[in-house]
Student: 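The structure under discussion is supplied below as C-alpha cells; questions concerning it will follow.
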Protein chains: 2
Amino acid sequence: MEQSGKSARQSPTPDELAVWREYVETAEAIRQALAAGLQATSGVSPGDYAVLLALSESEGHRLRSSALAQGIGWERSRLSHHLGRMESRGLIRRRKSGNDSRGAVVELTDDGARTFRASSAPHLRLVRRFFVDALTPEELEAAEKVATSLRRHLKELAQAAVVAKA
Amino acid sequence: MEQSGKSARQSPTPDELAVWREYVETAEAIRQALAAGLQATSGVSPGDYAVLLALSESEGHRLRSSALAQGIGWERSRLSHHLGRMESRGLIRRRKSGNDSRGAVVELTDDGARTFRASSAPHLRLVRRFFVDALTPEELEAAEKVATSLRRHLKELAQAAVVAKA
DNA sequence: CTCCTCTAATTGATATGTCAATTAGAGGAG
DNA sequence: CTCCTCTAATTGACATATCAATTAGAGGAG
C-alpha cells in the first residue's frame, strides 16, 4: 500500500492545489497591476525599470553588459534585445569597452537618469499600496518565510538536477 | 511632523522592500521552473495548459470563446491569438456557433484531449515538487492567508478606482 | 604568425502579451 | 426594410521572452 503513504503521493490534494492556484494567480495579478501603474505614471516597463535601477546604482552610471545581465538575473540575449529597444528610445547608450573590445559598456543617458528619477518614487509608492499595505506585520513576516522556503527548496532541486547530470 | 507618522509614509522601508523583492522574484522563479518543466515533459506552454484544462472540464469538450476567456481570466484578444496558434498545431478547432453566428465555439480535438491527459500528471507532480513539498503545513496555510489578503486588498483598490472614475 | 578554442554579445526565428482598430452579425427604433 | 448601436471575435502593430545560431575578438599552442 505504498501509494497511500504520504511520501508516495504524487499529486497535490485539492486543498493544496487550491493554495497553489491562489498563490500564482495573486502573484500574477500584483505583477500586472504594478506594471500597469509603472507604465501609466512614468511610461516605463518593469524591464526598463530593472535596467535603469541597476545602472543608476552603479559607479559612473555604467556597467559591462555582462555584469548588468548578472546583476538583474537576465539572460544575455534578453538583455541585448531590451537594450536595443531602450537605446532607440534614448534611455541608454552602448560603447565598446576599452580593454576588451568584445565587451560592451552600457551607460545611462541624461534622459535615462531623469526617467529613472521620475519613475522611482511612484513605483515605490505602488509597492507600498499594492503589497505592504495589504499585509499585517505578521503576514509580511510570513510572506518572507514562505518565499525563503520556496527559494531554498528550488535551489536544492536545481542542485540535485545538476549533480544528476554530472 | 506628519512625515514621520506611519500613515504618511509613502515608500516601503528597506526591510519591506526586501520582502517585496523576495516575493516577486520567488514567484517568478517558480513560474519559470514550472513552465520549463511543462514544456520539457509534454511540449505545452502554461497558456496551452490553461486552455486545455478548461476545455477538458467542460461539457462536451467545448466552450463559447467568450466563456472560455472568462473562465481562465484572459482578455479576448489574447485568447484569439493563442487559439490561432493552438489551432495550427491541431490541439483545438473553432466553429461558428449555431444560435449566434458572431460567436465562436472552441472544441478540443482528439489530439488536444490526448495532449492534456499526457501533460496533466507531470504538471501536478511538478506543482507538488516545486511548491507543496517546499512548505510545512503551517507555511502552506500562511501562504494562503497572505495570498488572500493581497487579493482582497487589490480588489478593494480596483473598486475604489472604479468609484473614483464614476 | 596560424590555427584552435573560448568568451562576449548580437541576431533571427518564433512564441507570447497588450492595446487599438476593425469586421461581422444581432437586435431594436423608425 | 433601413439605420443605428451594441456585442463577439479577430486582426495588426508592437513590446517582450526564449532558444539556437552567428559574429567578433581574446588568448594560448604550435
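Below, chains carry the letters A, B, ... as their sequence lines are ordered, and counting in each starts from 1.
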Student: Under 4.0 Å from any atom of DNA chain D, heavy atoms only: list the residues of residues 23-50 of chain B that qualify, in numerical order.
Tutor: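 Going residue by residue through residues 23-50 of chain B, the ones with a heavy atom under 4.0 Å of DNA chain D turn out to be Q32(B).
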Student: Give the C-alpha distance, both sets of side-chain angles, the deciding distance and a yes or no for side chain to side chain contact (heavy atoms under 4.5 Å, CB included) between S65(A) and L79(A).
Tutor: CA-CA 8 Å; S65(A) 148; L79(A) 182 61; 4.1 Å; yes
Student: Please list all pairs meeting side-chain hydrogen bond (donor to acceptor under 3.5 Å, both in side chains) that have one or both residues in residues 49-63 of chain A, counting only residues at least two apart or in different chains.
Tutor: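 Found R62(A)-E107(A).
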Student: Measuring only between side-chain heavy atoms, which start at C-beta, is M86(B) closer than 4.5 Å to L52(B)?
Tutor: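 In contact.
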Student: For E138(B), which residues count as a side-chain hydrogen bond (donor to acceptor under 3.5 Å, both in side chains) partner, sequence neighbours excluded?
Tutor: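 E138(B) satisfies side-chain hydrogen bond (donor to acceptor under 3.5 Å, both in side chains) with T136(B) only.
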Student: Please report the shortest heavy-atom distance between L124(A) and S11(B), naming the atom on each side.
Tutor: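 Scanning both residues completely, I find the closest heavy atoms to be CB-OG, 3.6 Å.
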Student: If I take atom CG in residue L91(A) and atom P in nucleotide dT16(D), what distance separates them, rounded to the nearest angstrom?
Tutor: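 Between P of dT16(D) and CG of L91(A): 11 Å.
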Student: Separation of R85(A) atom CZ from dG17(C) atom P, in whole Å?
Tutor: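 Whole-Å distance recorded here is 15 Å.
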Student: Grab the NE2-P distance between H82(B) and dG12(D) for me, whole Å please.
Tutor: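 After rounding, the gap between these two atoms is 19 Å.
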Student: Test salt bridge (charged side-chain N to carboxylate O under 4.0 Å, His left out) on R89(B) and D48(B); report intermediate values, then the result.
Tutor: CA-CA 11 Å; R89(B) 290 189 290 148; D48(B) 296 335; 2.7 Å; yes
Student: Which residue pairs pass the ring-ring contact (aromatic ring centres under 6.0 Å, His included) test when at least one of the two sits in residues 18-48 of chain A, sequence neighbours left out?
Tutor: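 Applying ring-ring contact (aromatic ring centres under 6.0 Å, His included) to every pair that reaches into residues 18-48 of chain A, excluding sequence neighbours, yields W20(A)-F131(B), Y23(A)-F131(B).
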Student: Look at the side chain of S149(A) and the backbone N and O of K145(A), then say whether any donor-acceptor pair between them is shorter than 3.5 Å.
Tutor: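 Pair found, side chain donor or acceptor close to backbone of K145(A).
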Student: Run through DNA chain C and report every stem of 3 or more consecutive Watson-Crick or G-U pairs, distances under 3.5 Å, ordered by first number.
Tutor: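 So far as stems of 3 or more pairs are concerned, DNA chain C shows C:1-30 with D:1-30.
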Student: Between D100(B) and S97(B), do the side chains contain a donor N or O and an acceptor N or O under 3.5 Å apart?
Tutor: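 Not at all, the side chains of S97(B) and D100(B) share no donor-acceptor pair under 3.5 Å.
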Student: Does R31(A) form a salt bridge (charged side-chain N to carboxylate O under 4.0 Å, His left out) with E28(B)? I'd like the steps, not just the answer.
Tutor: CA-CA 10 Å; R31(A) 190 201 57 69; E28(B) 169 58 19; over 6 Å; no
Student: Protein within reach of the bases, or only the backbone? For nucleotides 6-11 of chain D, mark each nucleotide 5' to 3' as B, S or -, using heavy atoms under 4.0 Å.
Tutor: -BBBBB
